[in-house]
Amino acid sequence: MKAFAYERASDAAAAVEAAAGGATYLGGGTNLVDLMKLGVAEPQRLVDVSRLPHDAIEETEHGLRIGAAVRNADLATHPVVRERYPVLSEALLAGASGQLRNLATVGGNLLQRTRCSYFQDVTKPCNKRRPGSGCPAREGEHRNHAILGHSEHCVATHPSDMAVALAAIGATVHVLGANGERSIPIPGLHRLPGDKPQHDTVLNPGDLITAVELGAPAPRSTYRKVRDRASFAFAVFSVAAAVELEDGTITEARIALGGVAHVPWRAEQAEDVLGGREPTAEAFAEAADAELEAAQPLRDNAFKVQLARNVLTRTLSELTA
Ligand SMILES: Cc1cc2nc3c(=O)[nH]c(=O)nc-3n(C[C@H](O)[C@H](O)[C@H](O)COP(=O)(O)OP(=O)(O)OC[C@H]3O[C@@H](n4cnc5c(N)ncnc54)[C@H](O)[C@@H]3O)c2cc1C
Ligand code: SF4
C-alpha cells in the first residue's frame, strides 16, 4: 500500500474543504482500505468522516433520519428499524459479517465499489478502473454479473444489500458539497454504466453524504438474498419487497432487485402488474415475467433469470400469506 496522510475532520464543512483540496473520505474503511491494499485506490490523503456527529437515528414527521456515520450493526438492530422497516434490518444483517457491520458506515455502504474481480486486479484491463481499457468480464468470468441495464462498456453489479432495501422503500440521501447542501433520491443515486462506468453514482467529487432519510414505514416488508454460501458472501440475486394490502387486494407494492444490475434495480414493471391485484402466485409470476422481459443475460449467467423469477414469486407469496 502506498503511503498516505490521515486526518480527522472536525465537522462536515472541514471535511468538504479537505476533499476540495484532494482528500478522500474514509468511513469504516472496510472497502476503501482493501482497495488501497490492492492498488485499486491510491489516495494521498484520507479524511476520516466516521467520527463526525452524523451518528444519530432520529424519528421525523414522516419517517426516520439516519446519520451517514451510523454503523451498519447499529442501524440493523435499532428497534424502530426492526419494527417499521424490517426489510432494511434484514438486508443489513444479510451483508458481510458481524465484525464488518460493526465498522461499516451508512455513507460508506452506499458508495462501496463493485466486486468484479477484474476491477480489483490492477494487472487486468477494466473500463471502470481505467476508462477505455476494455471490459474483460463480458467474455470472461461473469457468472455473478448483470442481466439488466448493462452496457458494452461494463456488466458489473452493485454490491450493497442495504441499497437494495432503500431502493424498495424509497429514501433520500442528504449531501453536502462545494456548492452547499442538496438531496438525491434512492433510486437515483446510483447510475447505469452506459459509456461512463467509472462513475458509480451521480455524486460530484468531494460530495459528502451526511444523512439518509426514510419515507413511509413498510411494516410488511422483507429481504431475501441468494448467495453461494450462508454468510460473508455478496448476493447472486436478492429481492427487497414491501407490500400493502387492503381487503385482500394489493394497494401498493414496492420492489427492488439486487445482484442483477449496476444499480439497485427498482422493479417498476412488476409493481405495475401488482397494483389492484389479489396476492396470488399467478399474479406474482406475471409480475416477475414483466420485470424480467428486459433481461439480457450474458453467456454464463442466464440462470439468474429463472432464479429471479422463482425467488421473487416465492418472496411475494410468503410476504402476503
Ligand atoms: C469480506 C467482505 C464481505 C462483504 N460482504 C458484503 C455483503 O454481503 N453485502 C454488502 O452489502 N456489503 C458487503 N461488504 C461490504 C461492506 O458492506 C462495505 O465494505 C461497507 O459497507 C463500506 O462501508 P465503510 O464505512 O467501511 O466504507 P469505506 O470503505 O470507508 O468507504 C467506501 C467508499 O465510500 C466513501 N465514503 C465513505 N463515507 C462517505 C461519506 N459519508 N460521504 C461520501 N463518501 C463516503 C469512501 O471514500 C469510499 O470511496 C463486504 C465487505 C467485506 C470486506
Ligand atoms: S464489468 Fe465493469 S468493473 Fe468488471 S471488468 Fe468490465 S468494466 Fe470493469
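Values in this document were obtained by computation on a predicted structure and should not be read as measured data. We count ligands from 1, going down the list as the structure has it; atoms in each ligand are counted the same way.
- Interface of A156 with ligand 2, defined as ligand atoms under 4.0 Å from a residue heavy atom, comprises 1 (S), 2 (Fe), 3 (S).
- Under the 4.5 Å side-chain criterion, counting only non-hydrogen atoms from C-beta, I209 is in contact with L111.
- Proximity of N72 to ligand 1, defined as any heavy-atom pair under 4.0 Å, is confined to the side chain (atoms from C-beta onward).
- Those atoms of ligand 1 that come under 4.0 Å of a heavy atom in D34, given as number and element, are 53 (C).
- By the 3.5 Å distance cut-off applied to N or O atoms, I209 is counted among the residues near ligand 1.
- For atom 3 (S) of ligand 2, the nearest non-hydrogen atom of the protein is C126 SG, 3.6 Å.
- Geometrically, ligand 1 and L103 share no nitrogen or oxygen pair separated by less than 3.5 Å.
- Residues F284 and L319 fall within the same hydrophobic cluster, defined by Ile, Leu, Val, Met, Phe, Trp and Tyr side chains chained together at heavy-atom separations under 4.5 Å.
- Side-chain contact between L38 and V122 is absent, with no heavy-atom pair separated by less than 4.5 Å.
- For the pair V236/F303, a side-chain contact is recorded, criterion being any heavy-atom separation below 4.5 Å from C-beta on.
- Between the choices A91, G108, G28, the shortest heavy-atom distance to atom 32 (C) of ligand 1 belongs to G108.
- Taking every heavy atom of G95 and a limit of under 4.0 angstrom, the matching atoms of ligand 1 come to 7 (C), 8 (O), 9 (N).
- Note: no N/O pair closer than 3.5 Å links F232 and ligand 1 by distance alone.
- Atom NE2 of H145 sits about 3.5 Å away from atom SG of C116, to the nearest 0.5 Å.
- Considering only non-hydrogen protein atoms, atom 28 (P) of ligand 1 sits nearest to G29 N, 3.5 Å.
- Put simply, no part of R113 is less than 4.0 Å from ligand 1, judged by heavy atoms.
- Nearest non-hydrogen protein atom to atom 26 (O) of ligand 1 is T30 OG1, 2.7 Å.
- Considering only non-hydrogen protein atoms, atom 51 (C) of ligand 1 sits nearest to L100 CD1, 3.9 Å.
- Nearest non-hydrogen protein atom to atom 17 (O) of ligand 1 is Q112 NE2, 3.6 Å.
- Between H158 and H262, the gap from one ring centroid to the other reaches at least 6.0 Å.
- Distances below 4.0 Å separate heavy atoms of P136 from the following atoms of ligand 2: 5 (S).
- Side-chain contact between E278 and I250: absent, with no pair of heavy atoms (C-beta onward) separated by less than 4.5 Å.
- Taking atom 4 (C) of ligand 1 as the reference point, the nearest protein heavy-atom neighbour is F234 CZ, 3.3 Å.
- Using a 4.0 Å cut-off to heavy atoms of N127, the atoms of ligand 2 that qualify are 7 (S), 8 (Fe).
- For atom 44 (N) of ligand 1, the closest non-hydrogen atom on the protein side is L111 CD1, 3.1 Å.
- Geometrically, ligand 1 and A96 share a nitrogen or oxygen pair separated by less than 3.5 Å.
- Assignment of L110 to the shell around ligand 1 is not supported, since no heavy atom sits closer than 4.0 Å.
- The nearest protein atom to atom 46 (C) of ligand 1, hydrogens excluded, is given as Y25 O, 3.1 Å; this is a heavy-atom distance.
- Residue contacts with ligand 2 include H153, since one of its heavy atoms falls under 4.0 Å from the ligand.
- Contacts between A163 and ligand 1, counted as non-hydrogen atom pairs separated by less than 4.0 Å, are absent for every part of the residue.
- Under a cut-off of 6.0 angstrom, the local environment of CD in E318 is crowded, with over 12 non-hydrogen atoms contributed by other residues, nucleotides or ligands.
- Using a 4.0 Å cut-off between a side-chain N of Lys or Arg and a carboxylate O of Asp or Glu, R224 and E90 do not qualify as a salt bridge.
- At the shortest separation from atom 9 (N) of ligand 1 among protein heavy atoms lies D161 OD2, 2.7 Å.
- Inter-residue side-chain proximity for M36 and L46 is flagged as met; some heavy-atom pair is nearer than 4.5 Å.
- Using a 4.0 Å cut-off between heavy atoms, C116 contacts ligand 2 through its side chain alone, with no backbone atom that close.
- Exactly one of H190, R191, R113 qualifies for a side-chain hydrogen bond (donor to acceptor under 3.5 Å, both in side chains) with D200. That residue is R113.
- In this structure, M162 and L88 have side chains that are in contact, with non-hydrogen atoms separated by less than 4.5 Å.
- Of all the atoms in ligand 1, the ones that sit under 4.0 Å from a non-hydrogen atom of S160 are 11 (O).
- Contacts with ligand 1 closer than 4.0 Å are made by no heavy atom of A235, backbone or side chain.
- At a 4.0 Å heavy-atom cut-off, ligand 1 touches D207 through the backbone alone.
- The N/O atoms of L26, backbone and side chain alike, include none that comes under 3.5 Å of an N/O atom in ligand 1.
- The salt bridge (Lys or Arg N to Asp or Glu O under 4.0 Å) test with E42 singles out one residue from R129, K37, K2, and that residue is K2.
- Atoms of ligand 1 found under 4.0 Å from any heavy atom of N31 (numbered from 1 in listed order, with element): 19 (O), 29 (O).
- Looking only at protein heavy atoms, the nearest one to atom 5 (S) of ligand 2 is Y118 CB, 3.5 Å.
- Residue side and main chain included, C135 places an N/O/S atom under 2.8 Å of atom 6 (Fe) of ligand 2.
- Using a 4.5 Å cut-off between side-chain heavy atoms of Ile, Leu, Val, Met, Phe, Trp and Tyr, with links allowed through other members, V202 and L110 fall into the same hydrophobic cluster.
- There is a path of hydrophobic side-chain contacts, each under 4.5 Å, that joins L312 to I147.
- Counting the atoms of ligand 1 from 1 in the order shown, those under 4.0 Å from a heavy atom of L208 are 40 (C), 41 (N), 42 (N).
- Annotation: G107 places no N or O atom under 3.5 Å from an N or O atom of ligand 1; distance criterion only.
- For ligand 1, the polar-atom distance check finds an N/O of K225 within less than 3.5 Å of one of the ligand's N/O atoms.
- Nearest heavy atom pair, residue A240 against residue V87, reads CB-CG2, 3.6 Å.
- Taken to the nearest 0.5 Å, the CD atom of E213 stands 12.0 Å off from the CD1 atom of I186.
- A chain of hydrophobic side-chain contacts below 4.5 Å, direct or via other Ile, Leu, Val, Met, Phe, Trp or Tyr residues, connects I255 to L148.
- The protein non-hydrogen atom at the shortest distance from atom 2 (Fe) of ligand 2 is C154 SG, 2.4 Å.
- Any N or O atom pair closer than 3.5 Å counts here, and T24 shares no such pair with ligand 1.
- In terms of polar-atom proximity, defined here as any N/O pair under 3.5 Å, R115 makes no such contact with ligand 1.
- Two residues are said to be in side-chain contact when any heavy atoms from C-beta on lie closer than 4.5 Å; V243 and E252 fail this criterion.
- For the pairing with L316, the side chain to side chain contact (heavy atoms under 4.5 Å, CB included) check across T280, L274, V311, V239 returns one residue only, L274.
- Set against the non-hydrogen atoms of A233, the atoms of ligand 1 under 4.0 Å away are 8 (O).
- Between P197 and ligand 2 there is no heavy-atom distance shorter than 4.0 Å.
- Between K196 and N127 there is no side-chain heavy-atom pair separated by less than 4.5 Å.
- The local environment of CZ in R277 is crowded, with over 12 non-hydrogen atoms from other residues, nucleotides or ligands closer than 6.0 Å.
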